[in-house]
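Heads up: the structure comes next, in structure tokens.
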Amino acid sequence: MGIKNLHKLLRKWENVIQERNIQDFAGKKIAIDISILVYQIVIAIRNTGTDLVNTNGDITSHLLGIFNKTISMLEKGIYPVYVFDGKPPNMKNSILKSRREQRKKAKLKMKQADNKEDKIKYFKRSVVVTKKQLNECSQLIQLMGIPVVNAPQEADSQCAQLAKDGLVYGVSTEDMDILTFGSPRIIRNLSSKKKEIIQIDLEKILKKLELNYLQFIDLCILLGCDYCTTIPGIGMKKAYQLIKQFGSIETFIESLNETDIKKEYENLNKSLVPENYNYRNTSNYFQNPIVKDSKQINLQWTEPDYDKILEFMVSQFGFNKSKIQKGIARLRRAYNSLNKNNKQIPHYIC
DNA sequence: ACTCTGATTCGAGACGCG
DNA sequence: TGAATCAGAGT
DNA sequence: CGCGTCC
């Protein structure tokens, strides 16, 4: 997932990757790709080798994680927007297929594992987050008064669109291709207790690397993304070098017809452009993914329905009542102080 | 020396009790 | 699933 | 703080 080595490449420039404190995001609206978050949560809870399961045998880890995470974000003064995936685009088929195979392999290895450590390792790797689980998350989130956006295709590109149109300040994700989709900024490790929070602004990248947005997309395609193969022999260094020299993948490939350039590059690294190298479609997709129009989206944070949350978590999913009540108390406090601060600062940005 | 590539390893939640 | 790091190979 | 529990 994401753009291969983009983070590593960006480290070569000063001040492109910025360290941030959680307080910097107080009062800000942040879009969150929920499926990645749920995966992280469920995998993390698998540390012990089991899922949280209710009396029906259904997994409940995702609900606990989303419940806690949402409360803690509100306590920090952050306004989260959760974005759900729709149908994956065809271009992603090959990636999805290989992931399914990976999971299959992991399941097999889990069964074959003879020690506990390995069993847990492959147990984690074979995580599948179901539609049903995501629907349950959506219900809980809405009971908590948090807005939900259902993307027609990928949550990624929808998050980027929200940020581009100024409906949110930025996108919290680990996936660097949010920037390729044109989000003005990415926020990594936002809710991590161990890792430093990092912010990367698209404008800073373009300025420091001296690229325009289209060239940045081409750079990402050369580095390697989910939608397109790469050119063998071209890694971090050459990708950047080629974009700087030729201005685009298109021009680079055209230049290969000129014998001297062709010789230069073939002698240098035997790099060959693969058959069916669909960099054009990929670039188009990054520029114009299928997303919901921001004009049709009205983000609103409303008072949580505390009673229904209790009913949902305790009666329906078997969580411990007093624990959920504690959470709800925190939620109530967070919501009230959020509202208060909001009134004091009428023109908070995103 | 530089760059790409592949293998490997680790860690990814939140809480509270003792 | 990725990200960081290391070893190895190719130029 | 480390470790086990949460369901």
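Between the CG atom of Leu63(A) and the C1' atom of dC7(D) there is a distance of 11 Å, rounded to whole Å. With rounding to whole Å, Arg125(A) atom CZ is found 12 Å from dG2(C) atom P. Between the NZ atom of Lys69(A) and the P atom of dA12(B) there is a distance of 11 Å, given to the nearest Å. For the pair Lys124(A) NZ and dT9(B) P, the interatomic distance rounds to 16 Å; values are reported in whole Å. Nucleotide dA1(B) holds its C1' atom 13 Å from the NZ atom of Lys238(A), rounded to whole Å. In this structure, NZ of Lys237(A) is placed 16 Å from C1' of dT5(B), rounded to the nearest angstrom. Atom pair Leu10(A):CG and dA4(C):P shows a separation of 11 Å (rounding to whole Å applied). For Ile32(A) and dG13(B), the CD1 to P distance is 13 Å, given to the nearest whole Å.
The side chain of Asn47(A) approaches dG13(B) more closely than any other nucleotide in the set dA4(C), dC7(D), dG13(B). Checking dT1(C), dA12(B), dG13(B) against every side-chain atom of Leu64(A), the shortest atom distance belongs to dG13(B). Residue Lys323(A) places its side chain closer to dC7(D) than to any other of dC7(D), dA4(C), dA12(B). Taking every side-chain heavy atom of Lys193(A) into account, dC15(B) is the closest of dT3(B), dA4(C), dC15(B). Minimum atom distance to the side chain of Thr48(A) is reached by dT5(D), of the listed dA4(C), dC4(B), dT5(D). In the set dC4(B), dA3(C), dG13(B), the nucleotide with an atom closest to the side chain of Arg188(A) is dA3(C). For Phe319(A), the side-chain atoms get nearest to dC7(D) when compared with the rest of dA4(C), dA12(B), dC7(D). Taking only side-chain atoms of Met236(A), from C-beta outward, the nucleotide of dC7(D), dT5(B), dC4(B) with the closest atom is dC4(B). Considering only side-chain atoms of Lys194(A), the nucleotide from dC6(D), dA12(B), dA14(B) that sits closest is dA12(B).
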> When you look at Tyr82(A) and Leu37(A), which way does the side chain to side chain contact (heavy atoms under 4.5 Å, CB included) test go after all the steps?
Replying inline: CA-CA 10 Å; Tyr82(A) 288 106; Leu37(A) 190 61; 3.9 Å; yes
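Taking atom C1' in both dG13(B) and dA4(C), the straight-line distance is 22 Å, to the nearest Å. With both ends at atom P, the span from dG11(B) to dG2(D) equals 13 Å, rounded to whole Å. Comparing dT8(B) with dC7(D), their C1' atoms are spaced 35 Å from each other, to the whole Å. One C1' atom belongs to dT1(C), the other to dC15(B), and the distance between them is 26 Å to the nearest Å.
Aromatic rings from Phe319(A) and Phe317(A) are positioned such that their centres are separated by 6.0 Å or more.
Here Lys295(A) does not pair with Asp165(A) in a salt bridge; the nearest charged N to carboxylate O distance is not below 4.0 Å. Between Arg46(A) and Asp51(A), at least one side-chain nitrogen of the basic residue sits less than 4.0 Å from a carboxylate oxygen of the acidic one, meeting the salt-bridge criterion.
Using a 4.0 Å heavy-atom criterion, one finds that Glu174(A) contacts the sugar-phosphate atoms exclusively. Counting non-hydrogen atoms under 4.0 angstrom, Gly318(A) reaches the backbone sugars and phosphates but no base. Across all strands shown, Asp58(A) has no heavy atoms under 4.0 Å from either base or sugar-phosphate atoms. At a threshold of 4.0 angstrom between heavy atoms, the contacts of Tyr39(A) with the nucleic acid are absent. Among the heavy atoms of the strands lying under 4.0 Å from Lys8(A) is at least one base atom, whether or not backbone atoms are also near.
With Asp201(A) as the fixed residue, the salt bridge (charged side-chain N to carboxylate O under 4.0 Å, His left out) test singles out one of Lys207(A), Lys208(A), Arg185(A): Arg185(A).
The environment of CD1 in Ile290(A) is sparse: at most 12 heavy-atom neighbours from other residues, nucleotides or ligands sit within 6.0 Å.
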